[in-house]
Amino acid sequence: MRSRQPKQLLLAFFGEHVVDAATGPIRASALISVLEPAGVAAPATRATLDRLVGSGILARTRNGRETLFSLTEHGAAVLREATDRVRGPRPFDPQGHGWTLVTFSIPEGQRMLRHRLRSTLTWEGFAPLRDGLWLAPGEVDLAGSLEPLRQDLPPHTVIAFHARELAGFPIGESVRAAWDIEAIRREHLAFIEMWEDPAAVDLAPSALTVRTMLVADWLALLRADPRLPAEFMDAQWPAIRSAETYRRMHEKLAEASAAEFADLIEARTPVRRRSGRAAPPSAPSPTRSGAGRPR
């Protein structure tokens with residue numbers, strides 16, 4: 001698995017606990033108390049919160065000496081779009097049949113917009129097939145996926161098609177060129193190794209922190225796996241096992257982490273810690289493999 005960066009953990013926290021709940025703004029100190037047991041120091045959390053404000057995902061307010069953060073409409077839309085797959089019953093199955101092709105043109109001066117578009121396409125399973133042409137399995141709901149970007153994208157920036165493979169023009173080699181299938185397998189196996197271990201519930205002294213780490217790793221895995229059709233995989237493809245592992249661990253953490261989240265929101269004290277648990281890790285988990293896909 002990739003190292004857990006502060007941004008990944010914060011987005012996992014807000015997507016898991018905040019986007020569908022009327023919690024109100026959350027104190028910076030509370031967010032720091034969740035990320036510290038995951039090995040993220042307070043200055044790194046504060047800097048990441050500032051960047052998320054700058055990118056329009058979060059809004060900052062003040063209440064006396066407290067700094068508070070809440071999701072913007074744009075941030076909520078981005079996280080809700082991801083939530084459908086995060087919580088879906090078959091997150092690694094293609095969306096329909098055939099292939100979706102996308103080409104786009106964004107001026108050099110709009111690099112941030114280009115990065116946001118590429119990031120959205122990557123989340124939806126696209127990979128660059130050749131210059132200016134991106135490919136994804138199935139029938140991607142591109143209109144829904146690009147809705148958070150709609151007001152920033154100039155007209156006719158993106159052109160998309162749904163296509164099918166033609167006889168005599170097999171797509172297998174193109175698929176293997178666009179995606180490193182063995183690297184994707186390694187991402188699954190690393191996730192399973194980490195979270196199938198019963199001791200994973202004790203990765204941090206807070207169930208809320210462990211659940212945030214779990215969801216961050218799950219998001220990274222979903223991003224790495226483009227949902228290729230089964231004919232490109234072998235009988236030992238580990239996607240089903242990954243999904244079962246995630247749901248099992250998520251359920252195991254649910255009650256304790258929900259109680260800690262309620263404490264976090266309702267009290268002015270940091271996250272309640274479980275007794276007799278492991279000490280916080282000194283650094284984020286090491287990168288075990290890379291699927292070669294941009295984030």
Which heavy atom of [X] sits nearest a heavy atom of [Y], and at what distance?
X: P226; Y: P137; answer: O-CG, 3.2 Å
X: G96; Y: E139; answer: CA-OE2, 3.7 Å
X: P89; Y: R247; answer: O-NH2, 2.6 Å
X: E81; Y: S145; answer: OE2-OG, 3.9 Å
X: W218; Y: V86; answer: NE1-O, 3.2 Å
X: V210; Y: A200; answer: CG1-O, 3.5 Å

Not counting sequence neighbours, which residues clear side chain to side chain donor-acceptor pair (under 3.5 Å) with [X]? List them please.
X: T120; value: none
X: T103; value: none
X: T45; value: none
X: R87; value: D20

Suppose we screen for salt bridge (Lys or Arg N to Asp or Glu O under 4.0 Å). Which residues come up paired with [X], at least two apart in sequence or across chains?
X: R111; result: E108
X: E251; result: none
X: D234; result: R185
X: D141; result: none

Do you reckon [X] sits in the same ILVMFWY cluster as [Y], going by side-chain contacts under 4.5 Å, direct or chained?
X: I265; Y: L68; answer: no
X: I184; Y: F232; answer: yes
X: L142; Y: I106; answer: yes
X: W179; Y: L133; answer: yes

Can you tell me how far apart [atom1] ([X]) and [atom2] ([Y]) are? Round to the nearest 0.5 Å.
X: L264; Y: L31; atom1: CG; atom2: CG; result: 7.0 Å
X: M213; Y: L35; atom1: CE; atom2: CG; result: 10.0 Å
X: R223; Y: T122; atom1: CZ; atom2: OG1; result: 5.5 Å
X: S70; Y: I57; atom1: OG; atom2: CD1; result: 12.0 Å
X: E16; Y: L253; atom1: CD; atom2: CG; result: 10.0 Å
X: L11; Y: L52; atom1: CG; atom2: CG; result: 5.5 Å

Salt-bridge test for R211 and E260: reply yes if a basic N is under 4.0 Å from a carboxylate O, no otherwise.
-> no

Residues D217, R4: salt bridge by 4.0 Å N-O rule =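 Yes.
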
Does a side-chain heavy-atom distance below 4.5 Å link [X] with [Y]?
X: V102; Y: F161; value: no
X: T209; Y: L203; value: no
X: E124; Y: R85; value: no
X: W134; Y: L129; value: no
X: R51; Y: K7; value: no
X: V140; Y: W99; value: no
X: F191; Y: E196; value: no
X: L166; Y: I171; value: no

Ring pair (Phe, Tyr, Trp, His ring centres under 6.0 Å) partners of residues 14-37, not counting sequence neighbours, each pair once =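 As it turns out, the ring pair (Phe, Tyr, Trp, His ring centres under 6.0 Å) pairs with a partner in residues 14-37, which skip direct neighbours, are F13-H17, H17-F261.
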
Flag if over 12 foreign heavy atoms under 6.0 Å of CZ, R130 |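 Not buried by this count: 12 neighbours or fewer within 6.0 Å.
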
Polar side-chain atom of [X] near backbone of [Y] as donor-acceptor pair, under 3.5 Å:
X: R80; Y: V19; answer: yes
X: R241; Y: E244; answer: no
X: S119; Y: H115; answer: no

Among pairs that include at least one residue of residues 158-174, which meet side chain to side chain donor-acceptor pair (under 3.5 Å), considering only residues two or more places apart or in two chains?
->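 Side chain to side chain donor-acceptor pair (under 3.5 Å) check on residues 158-174 returns E173-R176.
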
What orientation do F92 and H188 show, parallel under 30°, tilted 30 to 60°, or perpendicular over 60°?
-> perpendicular

Take L10 and F69 through the side chain to side chain contact (heavy atoms under 4.5 Å, CB included) test and state the conclusion after the steps.
-> CA-CA 11 Å; L10 284 169; F69 295 89; over 6 Å; no

Extract all donor-acceptor atom pairs below 3.5 Å that involve side chains of residues 148-160 and protein atoms in other chains or at least two apart in sequence.
from : atom 1 : to   : atom 2 : distance (Å)
D152 : OD2    : R116 : NH1    : 3.0
D152 : OD2    : R116 : NH2    : 3.4
T157 : OG1    : P154 : O      : 2.6

Which residues pass the ring pair (Phe, Tyr, Trp, His ring centres under 6.0 Å) test with H250, sequence neighbours left out?
->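 For H250, the residues satisfying ring pair (Phe, Tyr, Trp, His ring centres under 6.0 Å) (neighbours in sequence not counted) are Y246.
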
Show the numbers, then the answer: is there a side chain to side chain contact (heavy atoms under 4.5 Å, CB included) between T61 and T67?
-> CA-CA 6 Å; T61 55; T67 304; over 6 Å; no

